[in-house]
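Below is one structure, written out as structure tokens; the observations come after it.
Here the structure is a predicted model, which means the values were calculated and not measured.
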Amino acid sequence: MNQIIRSNSNGQLSYDPEVKEFTVEFGNVYFKLPIDSYELFEKQLENMSNDLSMYASNQRLMVPVSGTTITLLLTPEEMISLKNLFGIKIDKLLSFKLNINYSMN
């Protein structure tokens, strides 16, 4: 039986000790990972930059799922949510703004 590890508004992460498999439900994606693939995917998420301020809010980031042929396409906000689901804390999306003066005076 699946035991819920973490959940948020975009999905949940659970573990089935009988088959030693993690289940990820995120948005409209559902997939299972054995322990070794889960550890690789978690490490991959940890190694991805937390500075998402250079991406437009509607830009999609490619996140391959280790051990599968699945590639998630996530917005920066969804990336933060997925990392938080895996226990990788990112409090908020940093904003990057340039102050440009277009005045001709």
Side-chain angles (χ1 to χ4, degrees):
M1 174 155 194
N2 279 350
Q3 300 171 347
I4 296 175
I5 297 172
R6 276 184 211 88
S7 64
N8 62 29
S9 61
N10 287 328
Q12 75 177 24
L13 174 66
S14 58
Y15 178 70
D16 186 344
E18 292 177 13
V19 293
K20 297 180 180 168
E21 203 169 55
F22 288 88
T23 301
V24 179
E25 295 178 44
F26 191 77
N28 59 355
V29 178
Y30 175 92
F31 56 93
K32 295 184 177 203
L33 296 170
I35 291 175
D36 55 340
S37 293
Y38 168 83
E39 290 171 347
L40 284 173
F41 186 58
E42 184 178 42
K43 186 175 281 191
Q44 177 184 351
L45 287 174
E46 287 175 350
N47 290 335
M48 294 182 84
S49 174
N50 288 340
D51 183 10
L52 302 172
S53 62
M54 298 299 285
Y55 299 99
S57 63
N58 62 348
Q59 186 174 354
R60 299 288 182 168
L61 309 171
M62 294 181 70
V63 182
V65 179
S66 302
T68 71
T69 57
I70 297 170
T71 299
L72 303 175
L73 296 174
L74 306 175
T75 64
E77 290 83 10
E78 291 169 332
M79 175 67 83
I80 291 169
S81 181
L82 181 64
K83 284 187 169 194
N84 284 336
L85 193 63
F86 276 74
I88 303 165
K89 294 295 179 194
I90 302 175
D91 294 328
K92 62 181 178 179
L93 183 61
L94 301 174
S95 62
F96 178 79
K97 296 181 181 176
L98 292 175
N99 291 325
I100 300 173
N101 184 355
Y102 292 103
S103 174
M104 299 299 283
N105 295 332

Heavy-atom distance under 4.5 Å between the side chains of [X] and [Y], does that happen here?
X   : Y   : value
L82 : L45 : yes
V24 : V29 : no
L72 : I70 : yes
L13 : F26 : no
S57 : E77 : yes
T68 : L33 : yes
D16 : Q3  : no
T71 : V63 : no

Derivation of the side chain to side chain contact (heavy atoms under 4.5 Å, CB included) call for F31 and T23: CA-CA 6 Å; F31 56 93; T23 301; over 6 Å; no
Looking only at heavy atoms, the pair that brings L85 and S7 closest together is CD1-CA, 3.7 Å
How long is the gap from [atom1] on [X] to [atom2] on [Y], to the nearest 0.5 Å?
X   : Y   : atom1 : atom2 : value
E42 : I35 : CD    : CD1   : 12.0 Å
Q59 : T75 : CD    : OG1   : 10.5 Å
E25 : K32 : CD    : NZ    : 9.5 Å
N10 : I80 : CG    : CD1   : 11.0 Å
I88 : M48 : CD1   : CE    : 10.0 Å
I4  : R6  : CD1   : CZ    : 12.5 Å

Do E46 and K83 sit within salt-bridge range, that is, some charged N less than 4.0 Å from a carboxylate O? no
Considering residues at least two apart in sequence or located in another chain, which fulfil the ring pair (Phe, Tyr, Trp, His ring centres under 6.0 Å) criterion with Y15? F22
Could you walk me through whether F86 and Y38 pass ring-ring contact (aromatic ring centres under 6.0 Å, His included), step by step? CA-CA 10 Å; F86 276 74; Y38 168 83; 5.4 Å; yes
